[in-house]
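Reading through the structure tokens given below for one structure.
Computed over heavy atoms, backbone and side chain alike; hydrogens, waters and symmetry mates excluded.
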Amino acid sequence: MPTLARAAPLGLLLALSLRAPASQAAGDEVAAPPPVWITNAAGARYRVRFDPGQRFILAAGAETLTGAAAGLTATPGFAVEIGLLLRDDRPAPGWDVRWKRNHEIAHLRLHPMAGTSGAAVDGALYRGIFLRQSREGTLTLPMTPPIALSLPFDVGVLVEVGHLHGALWPEAGGPPVDAGVFHGEALADFWRSRQPGRWLTLGVGGRYEVGVQRDPAEALHLDHRVSPMTTVAIALHSERADGLAAGGLRAEASHRWSSLRGWERAYRVDADAELTPLAANDRPLALFALATADTAPDLLRPELRGMAGVRFSHPLR
């Protein structure tokens, strides 16, 4: 379908974003999705449905950070966000077992003028959530005869590779630069939603990361941190069927081993929200906000980061 080289009316998209789509009916089954295009009284066609999990994103906004141990600036600063998001299509009619897949590739926030080192980064090179959905929802025990146990949840895994947080080069006497080598979790999804972008998961997993820190004498120190299946996380994520609003919350507690301090505990909470009020040239322009709270022994005090801005998306379907 041709793309109209103009912005959709603000009032039209706001009205659609506030109206509950029919596919959010009880049972949360995947009904016919809302229309992608609509035609107004003048005969002009506008795109009004987008897929938040299948797009290239470019965003910019203001970021604030509190905490004397922060590697980013403590006053409001400028940050940009890039990333490629991919996921599978909606299930075909009559499906029995399927995988709900969500991929984030090079999803990074860049801080060009953060700290004395001049730049910082936060994000992951790859992050994937894979949820196995079954209409029967059973666990089969290979006995004679086989026994099927009903489960109140779906199962899945989370995989993250190459997580980065901190200045591009550690500052003398500053906080560590964290490089996450691998993070994996076994998931139980209690929402069991058939709609894309919706889950309520409880995860148990492990992580290996390296903290790089430079002391006031410019000596470099490496801190190897390992969580051997001692990380517990709960995550909630939802989005409208038309893709005009989305948000999530994740809380994580980790009992990990540090090569410098021994066994220790770390906690992290992430929250994000996105609202799309208009589309320019049939490409969504969204308002977004996100916040992260961290506390760990390698930080001098708890750290709170927040960012708000405008996100441009290029739909991939």
Side-chain angles (χ1 to χ4, degrees), residues 8 10-21 23-24 28 34 48-66 72 76-87 100 102-104 107-111 122-124 127 129 131 158 160 163 165 189-191 193 195-201 203 233-252 267-280 283-294 302-315:
L10 176 61
L12 178 64
L13 285 182
L14 281 176
L16 287 171
S17 67
L18 294 176
R19 179 177 57 85
S23 60
Q24 295 182 3
D28 200 27
V48 294
R49 180 168 68 85
F50 306 94
D51 188 345
Q54 190 78 10
R55 56 179 174 160
F56 173 78
I57 60 176
L58 176 63
E63 183 180 59
T64 60
L65 179 102
T66 61
L72 310 178
F78 175 75
V80 297
E81 178 191 44
I82 60 172
L84 176 63
L85 309 183
L86 302 172
R87 69 180 174 198
K100 186 158 67 172
N102 290 266
H103 310 274
E104 300 179 25
H107 193 180
L108 305 169
R109 294 195 300 275
L110 308 174
H111 319 274
D122 187 28
R127 188 173 188 264
I129 297 178
L131 300 174
L158 179 148
E160 185 180 79
H163 185 271
H165 171 66
D189 178 17
F190 292 92
W191 193 339
S193 174
Q195 294 286 350
R198 299 179 185 174
W199 57 78
L200 172 60
T201 60
I234 183 170
L236 170 67
H237 190 274
S238 183
E239 66 184 48
R240 287 177 54 91
D242 54 19
L244 297 181
L249 178 67
R250 173 184 167 87
E252 176 185 302
Y267 304 92
R268 178 182 174 114
V269 177
D270 294 277
D272 67 274
E274 181 183 62
L275 176 65
T276 302
L278 58 88
R283 290 170 174 80
L285 289 174
L287 304 176
F288 77 96
L290 53 89
T292 299
D294 266 315
E303 183 178 291
L304 176 63
R305 300 184 298 277
M307 180 179 176
V310 178
R311 181 178 287 153
F312 170 80
S313 299
H314 177 72

Hey, does Leu86 have a side-chain heavy atom less than 4.5 Å from the side chain of Gln54? yes
Heavy-atom check, side chain of Arg127 versus side chain of Leu158, under 4.5 Å: yes
Are Arg87 and Glu239 ion-paired here, with the side-chain N under 4.0 Å from a carboxylate O? yes
Quick check for you: to the nearest 0.5 Å, what is the distance between Ile234 atom CD1 and Leu249 atom CG? 8.5 Å
Rounded to the nearest 0.5 Å, what separation is found between the CG atom of Asp51 and the CG atom of Asp242? 11.5 Å
Minimal heavy-atom distance between Arg283 and Pro315, with the atoms involved, is CG-CD, 3.9 Å
For His163 and Ala124, indicate whether the former's side chain and the latter's backbone hold a donor-acceptor pair under 3.5 Å. no
Taking the side chain as everything from C-beta on, heavy atoms only, tell me whether Met307 gets closer than 4.5 Å to Phe288. yes
Measure across Leu108 and Gly123 and return the closest heavy-atom pair with its distance rounded to 0.1 Å. CD2-C, 3.6 Å
Residues Arg198 and Asp189: closest non-hydrogen pair is O-OD2, 4.5 Å
At what distance, to the nearest 0.5 angstrom, does CZ of Arg250 lie from NE2 of His237? 12.5 Å
Scanning both residues in full, the closest heavy-atom pair of Ala286 with Glu274 reads CB-CG, 3.6 Å
What's the separation between atom CG in Asp294 and atom CD in Glu252, rounded to the nearest 0.5 Å? 9.0 Å
Show your reasoning for whether side-chain contact (heavy atoms from CB on, under 4.5 Å) applies to Leu58 and His314. CA-CA 9 Å; Leu58 176 63; His314 177 72; over 6 Å; no
Measure the CZ-CD1 distance between Phe56 and Ile82 for me, rounded to the nearest 0.5 Å. 6.0 Å
Any side-chain donor paired with an acceptor under 3.5 Å for Thr292 and Asp270? yes
Under-4.0 Å salt bridge between Glu81 and Arg109: no
Asn102 and Leu131, any side-chain heavy atoms less than 4.5 Å apart: no
Pro52 versus Leu85, closest heavy-atom pair with distance: O-CD1, 3.4 Å
For Val310 and Leu287, run side-chain contact (heavy atoms from CB on, under 4.5 Å): C-alpha distance rounded to whole Å, both residues' side-chain angles, the deciding distance at 0.1 Å, then the answer. CA-CA 5 Å; Val310 178; Leu287 304 176; 4.1 Å; yes
What distance do Arg240 atom CZ and Arg49 atom CZ have between them, rounded to the nearest 0.5 Å? 12.5 Å
Closest approach of Phe50 and Ala279, non-hydrogen atoms and distance? CZ-CB, 3.8 Å
Are the side chain of Ser193 and the backbone N or O of Gln195 linked by a donor-acceptor pair below 3.5 Å? yes
